[in-house]
Amino acid sequence: DNLRRFAGDHGGGVFFVAGPTYTPEALRGPAAGPLRTILPVEPEEEPAVTERFRRTEIPIEVTPEGMEHPILRLHPDATRNRELLAALPSIYGYLPVKRLRPGAVALLRDPNPADGGLAGPRALLATHLYGSGRGVFAAFDSVWRWRRAGDRYFDQYWMQAVRYLQEGKREGGRRRI
């Protein structure tokens, strides 16, 4: 409940990174309710699905929304940014999710249609507004592989993510209409 108040009432940001060891059980059961409401995705509930954290190399597809989103703005020039995003190394494994929540936006997705969820390609990185705050979900924990494109862009990704999350906090004292 503290997480819900932090993000929803006080404009805080929550960035959830899924990993293979604890995430499947952390997103199941009644104790997971407050966290699940903040996430921009609806996690799979079937243990058979959540326990099969896909551990294979997977190319990423940047969505049109992702191309324009501040989290994935690695360079101020739009053309150069597109080139950098296209050159990012693939990820290694992800936690399948059922679908995006209403109002959520996928920034990255699995381009393989055979791995689609109930509502199309599976989201790998998604975000949404939650009350006066923001929630971000990364279905993978292998963003470290992006260092192959250069530490500068790996660092830029994380700095942009933190800036994006804190913007909700900055606006938290103001009512959104």
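If you read the sequence from its start, that first residue is 1, and numbering goes on from there. Only heavy atoms go into these numbers, but all of them, side chains included; no hydrogens, no water, no symmetry mates.
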Student: What distance do Leu108 atom CG and Leu124 atom CG have between them, rounded to the nearest 0.5 Å?
Tutor: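 Between atom CG of Leu108 and atom CG of Leu124 there are 6.0 Å.
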Student: Side-chain polar contacts of residues 79-90 - donor-acceptor pairs under 3.5 angstrom, sequence neighbours left out - could you list them?
Tutor:
{"residue": "Arg80", "atom": "NH1", "partner": "Glu83", "partner atom": "OE1", "Å": "3.4"}
{"residue": "Asn81", "atom": "OD1", "partner": "Leu74", "partner atom": "N", "Å": "2.6"}
{"residue": "Asn81", "atom": "OD1", "partner": "His75", "partner atom": "N", "Å": "3.1"}
{"residue": "Asn81", "atom": "ND2", "partner": "Leu72", "partner atom": "O", "Å": "3.3"}
{"residue": "Ser90", "atom": "OG", "partner": "Glu57", "partner atom": "OE2", "Å": "2.7"}

Student: Listed by chain and number, what are the side-chain hydrogen bond (donor to acceptor under 3.5 Å, both in side chains) partners of Arg147, not counting sequence neighbours?
Tutor: Asp151
Student: Work out which heavy atom in Gln160 is nearest to a heavy atom in Pro70; give both atom names and the distance.
Tutor: NE2-O, 3.0 Å
Student: Is Thr37 close to Arg4 at the side-chain level, that is, under 4.5 Å between some pair of heavy atoms?
Tutor: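 Answer yes - side chains close enough.
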Student: Distance from Arg5 atom CZ to His10 atom NE2, nearest 0.5 Å?
Tutor: 7.0 Å
Student: Measuring from atom CH2 of Trp144 to atom OH of Tyr92, what distance do you get when rounded to the nearest 0.5 angstrom?
Tutor: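 Trp144 CH2 to Tyr92 OH: 9.5 Å, rounded to 0.5 Å.
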Student: Write down the atom of Ile91, the atom of Tyr94, and the distance for their closest heavy-atom approach.
Tutor: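 Result for this residue pair: CD1-CB, 4.2 Å.
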Student: Would you call the rings of Trp146 and Tyr157 parallel, tilted or perpendicular, where under 30° means parallel and over 60° means perpendicular?
Tutor: perpendicular
Student: Looking only at non-hydrogen atoms, find the nearest pair between Ala126 and Val41 and report the distance.
Tutor: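 Shortest heavy-atom separation between Ala126 and Val41 comes out as CB-CG1, 4.0 Å.
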Student: Can you name the closest pair of heavy atoms from Pro111 and Pro59 and give their distance?
Tutor: CD-O, 3.1 Å
Student: To the nearest 0.5 Å, how far apart are CE in Met159 and CZ in Phe154?
Tutor: 11.0 Å
Student: Would a distance-only check, ignoring hydrogens and angles, find a side-chain to backbone donor-acceptor pair under 3.5 Å from Arg101 to Pro40?
Tutor: no
Student: Would you check if the side chain of His128 reaches a backbone N or O of Ile38 as a donor-acceptor pair within less than 3.5 Å?
Tutor: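 Yes; at least one donor-acceptor contact below 3.5 Å.
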Student: What is the distance from atom OG of Ser142 to atom CD1 of Ile58, rounded to the nearest 0.5 Å?
Tutor: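 The OG atom of Ser142 sits 8.0 Å away from the CD1 atom of Ile58.
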Student: So which heavy atom on Ala18 is nearest to which on Phe137, and how close?
Tutor: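 Taking every non-hydrogen atom into account, CB-CZ, 4.1 Å.
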Student: Strictly distance-based, threshold 3.5 Å: is any side-chain N or O of Thr63 a donor or acceptor partner for the main-chain N or O of Leu107?
Tutor: yes
Student: Would you find a donor on one side and an acceptor on the other, under 3.5 Å apart, between the side chain of Glu42 and the backbone of Arg99?
Tutor: no
Student: Write down the atom of Leu39, the atom of Pro43, and the distance for their closest heavy-atom approach.
Tutor: CD1-CG, 4.2 Å
Student: Can any side-chain N or O of Arg134 pair as donor or acceptor with the backbone N or O of Tyr164 at less than 3.5 Å?
Tutor: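 A pair under 3.5 Å: yes.
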Student: Are Leu27 and Phe16 packed together at the side-chain level, in the sense that at least one heavy-atom pair is separated by less than 4.5 angstrom?
Tutor: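 The answer is yes, as the side chains (C-beta and beyond) meet within the 4.5 Å cut-off.
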Student: Are any of the side-chain heavy atoms of Pro34 and Asn2 separated by less than 4.5 Å?
Tutor: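 A side-chain contact under 4.5 Å is absent here.
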Student: Within this structure, what is the CD1-CH2 distance for the pair Ile71 and Trp158, rounded to the nearest 0.5 Å?
Tutor: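 If we round to the nearest 0.5 Å, Ile71:CD1 and Trp158:CH2 are 9.5 Å apart.
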Student: Going through the checks in order, is the side-chain contact (heavy atoms from CB on, under 4.5 Å) test met by His69 and Thr127?
Tutor: CA-CA 10 Å; His69 200 276; Thr127 185; 3.6 Å; yes
Student: Is a side-chain N or O of Arg73 found less than 3.5 angstrom from the main chain of Glu68, in a donor-acceptor match?
Tutor: yes
